[in-house]
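Below, each value reflects all heavy atoms present in this structure, side chains not excepted, and no hydrogens, waters or symmetry copies.
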Amino acid sequence: MRWVDIKEGFKEFLAEFKREKTGIAGVLLLVLLVLVALTAPYTTMPDLPEKWRSSAYWEDNPKNVPPNWYNMFTSHKLVPQRVYYVDDLKINHPSDTETIIEADYDFPKGYYKGPQGIIIRGLNVTLNAPSQAPTMDIYLLRPDGKRIPLLKNKPLTSSTTISIGRDSTVSTNVYIWLVNVTEGREITPFEVPLQTILISDMVAPMFAKVEPGMDVEKIIENPEPLWGTYKLVLDVKNPAPKYNQVDYSNMKVTFLGRVYGTMGTDYLGRDLWAGIIWGSRVSLTIGILVSVLSTIIGLVYGVTSAYLGGNTDELLMRINEIFASIPSLPILILIGATVGKVTLWFIVALLVIFGWMGIARIARSMALQIKEQTYIEAAKALGASNGRIIFKHILPQLLPYAFAVIALSVPGAVIAEASLSFLGIGDPSAVTWGQILNAAQAQSATTKGYWWWVLPPGLGIAVVGLTFVLIGTALDKILNPRLRRL
């Protein structure tokens with residue numbers, strides 16, 4: 001096959017392909033997917049796979065919240081995330097032994113609930129006199145003039161982190177305050193229902209209307225928002241400032257939103273948008289790699305079997321039938337479970353091993369017709385070796401079929417990888433759509449209504465499949481004479 005013939009054939013193919021609207025749409029989607037995959041380290045973070053498994057990294061994010069644009073479609077608007085750095089805080093020093101830190105938080109009118117929680121971190125303490133360690137009182141001043149004591153005499157360590165909404169002590173103090181305001185009586189921490197503290201959202205009542213005579217349980221279950229400006233106050237007392245130093249330069253106060261980011265968060269507070277972007281890299285890599293390798297192996301195997309014929313053909317086809325009769329998914333699950341740590345390359349190898357049989361059979365049937373052609377007989381008469389005839393004279397005739405098969409095989413490979421990851425058999429060091437769906441299933445995201453955790457990765461798999469189906473269908477229509485007449 002001469003280069004001139006290849007060049008002319010390619011020009012004719014491009015002219016035909018430009019007339020296929022589905023093919024053009026598929027190519028545009030593919031370009032978009034490739035751009036998203038390649039720019040993932042820049043649009044999200046370069047080391048996301050390492051941070052994805054670390055729950056500590058995502059502590060400053062709210063958990064199980066929908067995306068920011070959710071507020072456009074609901075009357076119960078949810079507050080977004082708000083972060084205060086040291087320059088955004090009011091820091092006063094009434095004396096050498098006391099520091100007052102204030103953060104003004106505006107709870108806008110029309111929003112349904114206040115923040116999901118408050119995270120305070122970055123207070124670094126150098127302790128040279130542990131017996132006189134600094135302490136901190138935290139309270140919240142509300143628009144109605146009421147004051148909620150959250151923590152009292154909290155000891156400060158070398159790196160103190162306070163999680164209001166995730167700290168049972170803070171939740172207990174909020175419940176005690178609710179009882180005091182509504183019923184006018186003081187209770188001890190031992191009288192606070194433990195189940196209520198552990199299960200209920202004790203941050204929402206802090207930003208709700210609380211008046212004497214109201215039912216505490218109703219406030220907790222269905223808080224009525226109290227809009228206005230709140231002030232979080234941190235009163236730091238350092239009885240030995242000459243020995244113990246408190247550094248405020250890295251301080252950060254985060255009011256956790258009830259919506260977050262472009263695609264919301266999961267049960268660890270992980271940014272699902274970042275996970276979905278990174279998942280596109282894995283899906284495209286595995287899909288294309290498995291499809292290309294399976295097609296190459298199948299073509300070479302099928303053509304070799306057809307050309308050699310006789311007993312060799314019979315033996316190769318029986319081997320093909322043995323592999324084809326093996327139920328691939330259960331075997332893949334069994335192998336993945338017994339191997340232990342599974343890498344992406346191992347998954348690629350498994351999918352290729354069980355993905356070439358159908359291509360080999362079709363390639364064999366096509367090669368059986370080609371090997372009877374006159375030019376094949378002429379090549380034999382001139383003394384061409386079997387390898388030269390197979391790779392130079394027969395396989396090039398199957399390239400149009402190969403391109404179509406590669407495109408049409410990618411969706412199956414993507415779904416197979418996602419299925420293995422969904423079942424918990426995947427590379428733990430990678431971020432994939434299947435793993436995101438696996439975590440959603442483990443946390444009952446569907447029954448709890450966390451649609452933002454389930455739909456995006458599922459749609460991502462569908463879009464990748466649609467992309468290559470459009471391209472494959474267009475290629476098949478151009479390269480298959482019978483389809484071109486339809």
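Remark: Arg388 CZ is loosely packed, at most 12 non-hydrogen atoms of other residues, nucleotides or ligands lying under 6.0 Å away. Enclosure of atom CG in Asp47 by more than 12 non-hydrogen atoms of other residues, nucleotides or ligands within 6.0 angstrom is indicated. Heavy atoms of other residues, nucleotides or ligands lying less than 6.0 angstrom from CZ of Phe403 number 12 at most.
Using a 4.5 Å cut-off on side-chain heavy atoms (C-beta onward), Met206 and Val174 make contact. No side-chain heavy atom of Asp201 sits under 4.5 Å from any side-chain heavy atom of Ile220. In this structure the side chain of Ile138 never reaches within 4.5 angstrom of the side chain of Val170, judged on heavy atoms. For the pair Asn250/Val86, no side-chain contact is recorded, criterion being any heavy-atom separation below 4.5 Å from C-beta on. Using a 4.5 Å heavy-atom threshold, the side chains of Ile286 and Trp345 count as separate. Residues Arg361 and Met357 have side chains not in contact (no heavy-atom distance under 4.5 Å, counting atoms from C-beta outward). At least one side-chain heavy atom of Thr304 sits less than 4.5 Å from a side-chain heavy atom of Ile390. Between Val292 and Ile288, the closest side-chain pair of non-hydrogen atoms falls below 4.5 Å.
Classification of the Tyr84-Phe255 ring pair by plane angle, with boundaries at 30° and 60°, yields perpendicular. Below 30°, between 30° and 60°, or above 60°: for Trp452 and Tyr450 the angle between ring planes is between 30° and 60°, a tilted geometry. Using a 30° and 60° split on the angle between ring planes, Tyr70 and Trp451 fall in the tilted class, from 30° to 60°.
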Pair Glu59-Ser55, side chain to side chain donor-acceptor pair (under 3.5 Å): steps then yes or no = CA-CA 7 Å; Glu59 283 184 350; Ser55 59; 5.9 Å; no

Discussion item. Determine whether Arg270 and Trp52 satisfy the following criterion, side-chain contact (heavy atoms from CB on, under 4.5 Å), listing intermediate values before the conclusion.
Written reply: CA-CA 7 Å; Arg270 295 179 296 196; Trp52 191 256; 3.2 Å; yes

For a side-chain contact (heavy atoms from CB on, under 4.5 Å) check, start with the C-alpha distance between Met45 and Tyr57, then their side-chain angles and the critical distance, and finish with the verdict. CA-CA 13 Å; Met45 58 187 71; Tyr57 180 80; 3.6 Å; yes

Q: Evaluate the side-chain contact (heavy atoms from CB on, under 4.5 Å) criterion for residues Lys371 and Val303: first the C-alpha distance (whole Å), next the side-chain angles of each, then the deciding distance (0.1 Å), finally the verdict.
A: CA-CA 9 Å; Lys371 81 171 189 176; Val303 170; over 6 Å; no

Open item on the list: Working note: Arg121 + Met251, criterion side-chain contact (heavy atoms from CB on, under 4.5 Å); need CA distance, chi angles, decisive distance, verdict.
Closed with: CA-CA 6 Å; Arg121 65 170 71 249; Met251 189 172 178; over 6 Å; no

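For the atom pair Met366 CE and Gln397 CD, the distance stands at 9.5 Å (nearest 0.5 Å). In this structure, CG in Leu420 is found 10.0 Å from CZ in Phe346, a value given to the nearest 0.5 Å. Atom-to-atom distance recorded for Ile162:CD1 and Leu234:CG is 6.5 Å, nearest 0.5 angstrom. The NZ atom of Lys252 sits 5.0 Å away from the OH atom of Tyr85 when rounded to the nearest 0.5 Å. Separating the CD1 atom in Ile118 from the CG atom in Asp167 is a distance of 12.0 Å, to the nearest 0.5 Å. To the nearest 0.5 Å, the span separating CD1 on Ile359 from CG on Leu408 amounts to 10.0 Å.
Between Trp453 and Tyr267, the distance separating the two ring centers is shorter than 6.0 angstrom. Residues Trp433 and Phe422 place their aromatic rings such that the two centres sit no closer than 6.0 Å.
When every heavy atom of Arg258 is checked against every heavy atom of Gly114, the shortest pair comes out as NE-O, 2.6 Å. Scanning both residues, Asn61 and Asp271, for their nearest heavy atoms gives ND2-N, 4.5 Å. Nearest heavy atom pair, residue Thr262 against residue Trp69, reads O-NE1, 2.7 Å. Contact detail for Lys113 and Pro223: the closest heavy-atom pair is CE-CG, 4.4 Å. What you find for Val65 and Pro62 is that their closest heavy atoms are CG2-CG, 3.7 Å. Contact between Ala37 and Ser280 at its shortest, heavy atoms only, is CA-OG, 3.7 Å.
Proximity of a side-chain donor or acceptor of Ser365 to a complementary backbone N or O of Ile362 within less than 3.5 Å is detected. Looking only at distances, a side-chain donor or acceptor of Ser419 sits under 3.5 Å from a matching main-chain atom of Ile415. Listed for the Asn71 side chain is a donor-acceptor partner under 3.5 Å among the backbone atoms of Leu78. Put simply, the side chain of Ser305 never gets that close to the backbone of Gly302: no donor and acceptor are under 3.5 Å apart. A distance-only check finds a donor-acceptor pair linking the side chain of Asp266 to the backbone of Gly269 [under 3.5 Å]. Not one N or O on the side chain of Asn124 forms a donor-acceptor pair closer than 3.5 Å with the backbone of Asp247. The closest donor-acceptor contact from the side chain of Thr44 to the backbone of Ala40 lies under 3.5 Å. Between the side chain of Thr265 and the backbone N or O of Asn64 there is at least one donor-acceptor pair closer than 3.5 Å. Remark: side-chain polar atoms of Ser163 are not paired, donor with acceptor, to backbone N or O of Arg166 under 3.5 angstrom. In this structure a side-chain-to-backbone donor-acceptor pair under 3.5 Å is missing from Ser294 to Ser291.
The pair Asp313-Arg364 counts as a salt bridge, with a side-chain nitrogen and a carboxylate oxygen less than 4.0 angstrom apart. The pair Arg19-Glu16 meets the salt-bridge criterion, since a charged nitrogen lies less than 4.0 angstrom from a carboxylate oxygen.
For Glu50 and Ser54, the side-chain atoms include no donor-acceptor pair closer than 3.5 Å.
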